[in-house]
Amino acid sequence: MNVLVVGNGAREHALAWKLRQSARLTDLFIAPGNAGTAALGSNLPVQTSDFAGLLDAVRVHRVELVVVGPEEPLANGLVDYLTEHGVAAYGPTRAASAIESSKSFAKEVMASAGVPTAAARSFDGLDAAMQYLDELEQQGAGPPVVKADGLAAGKGVAVCDDFATARAAVAAALQRQVFGHAGLRVLIEERMTGPEVSAHAFSDGVTAVPMVYSCDYKRIGDGDTGPNTGGMGAYSPPGFLTQADEERIRRDVIEPVIAELARRGRPFRGALYPGMMLTPCGPRVVEFNCRSGDPETQVLMPRLTTDLLEICLAVTRGALADISIGWSDRPAVGVVLASGGYPGDYQTGLPISGLDTLDTDVVAFHAGTRLSGDGRALTAGGRVLTVVAAGSTIAEARARAYENATRIRFDGVTFRTDIALREIATAPNSPRL
Ligand code: AMP
Ligand code: GLY
């Protein structure tokens, strides 16, 4: 079977890497892909927004399944478009993707389904939003979180330490329109506290099968300092998550939301990813994503022991209940290597060395990379690679990920040194790297 993966990040490299292991796979295509995916299949020069170009590629290359990685084409209806043209596609429809592309819709679904989350109100008008902030402040409530309703490339959330910041965030979105259309509605949300966990589940619209759990690191700097990024690392599993928490997330979040979306005629088929916070009142939803996480996918795929192609087919055919999905017990840690200056300005086109020196079972999933004319890997983006290692313990996986990551060189390379450190920081004499 020929398969096309849509996207060009390390998440898509990880999906392509796992699909490549399937005995049922014939040819693999990635649009547009990167230097890493070029080693697994054929990169096609078609952008993820070019739906007609993707359909042409499907026809030319006799593709029987399309796997869509990023949220943008999902929210814009790529799966609807392919399905209308008779092509099987893994990922939610535009209507089901609204669980991520409209935070107010997600809140409404959660309210109907009784899912625990932060209290929130949505506003389209500046005056009403500012008045609500005044009321909250007068009532003695803590400073809230202000969120752009739509997709804002991970930049639309302001976790405020005071009301002045909250007012500025509301004005930026509704008045100055810094997030464009995505910020013309804002959510003003109660601020929660607690450690965060990424939950993921495969769903065929009816059945939901939770994946193993993971944690990502969003800030650029050690100790969660500095600006937000597309993700600087991840690990799986989080040792602090209890079985009771996992059970509550499945029973109180994943299953009710899948059922509620089906009830509303928007069955969710693909990977549902609720970002969770373990608050003093129990696990509560921070946000929903309509696709698998980046960089979480890079640590989840190495732990998946079931054929991903079988899973994707079962999802598209509504047959998830007929298969069983297995996971390795070995923890995995992924460290993102980024360009110097990221998430601000950075240089690209820099040669990357050391990729051929990694241990055979350590993988460098590519994101911002491309091949030079003579076949060498060059940097081509802010986040360049995710180096992922497994181990018999999280400490071993972490040590191996960092040891391998430091063999890779490019000018200005930067990475966090504390990925998964919290899992082992309690062990005496544990090395920082
Ligand atoms: P999001 O873009 O929705 O993933 O939000 C980015 C980050 O903002 C989350 O990972 C949280 O760390 C933080 N955040 C979002 N909503 C809340 C909330 N209600 N309370 C506290 N932190 C939040
Ligand atoms: N890891 C955050 C995201 O994929 O949205």
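For ligands, and for the atoms within them, numbers begin at 1 and follow the listed sequence. The basis for the numbers below is simple: all heavy atoms, side chains too, and nothing from hydrogens, waters or symmetry mates.
In the candidate list Glu100, Lys218, Arg291, Arg291 is nearest to atom 3 (C) of ligand 2, counting heavy atoms.
By the neighbour-count criterion of 12 heavy atoms within 6.0 Å, atom CD of Gln139 is densely surrounded, having more than that number from other residues, nucleotides or ligands. Under a cut-off of 6.0 angstrom, the local environment of CD in Glu247 is crowded, with over 12 non-hydrogen atoms contributed by other residues, nucleotides or ligands.
Phe240 does not carry Arg422 over the face of its six-membered ring by the limits of under 6.0 Å from the centre and within 45° of the normal. Cation-pi geometry between Arg416 and Tyr217 is not met: the NZ or CZ atom fails to fall both under 6.0 Å from the ring centre and inside 45° of the normal.
Ligand 2 places these atoms under 4.0 Å from at least one heavy atom of Asp216: 1 (N), 2 (C). Atoms of ligand 2 found under 4.0 Å from any heavy atom of Gly293 (numbered from 1 in listed order, with element): 4 (O).
Just one residue in the list Thr369, Leu385, Ile352 forms a side chain to side chain contact (heavy atoms under 4.5 Å, CB included) with Thr379, and that residue is Ile352.
Polar contact check, Glu296 against ligand 2: a nitrogen or oxygen pair lies under 3.5 Å apart.
Looking at Glu403 and Arg400, no side-chain N of the basic residue comes within less than 4.0 Å of a carboxylate O on the acidic one, giving no salt bridge. The pair Asp149-Lys107 does not meet the salt-bridge criterion, since no charged nitrogen lies less than 4.0 angstrom from a carboxylate oxygen.
The residues lining ligand 1, counting any heavy atom closer than 4.0 Å, are Lys103, Ala118, Val145, Lys147, Val157, Val159, Glu189, Glu190, Arg191, Met192, Glu196, Lys218, Met277, Val286, Glu287.
In summary, the side chains of Gln298 and Thr386 do present a donor paired with an acceptor at a separation below 3.5 Å, with no hydrogens or angles considered.
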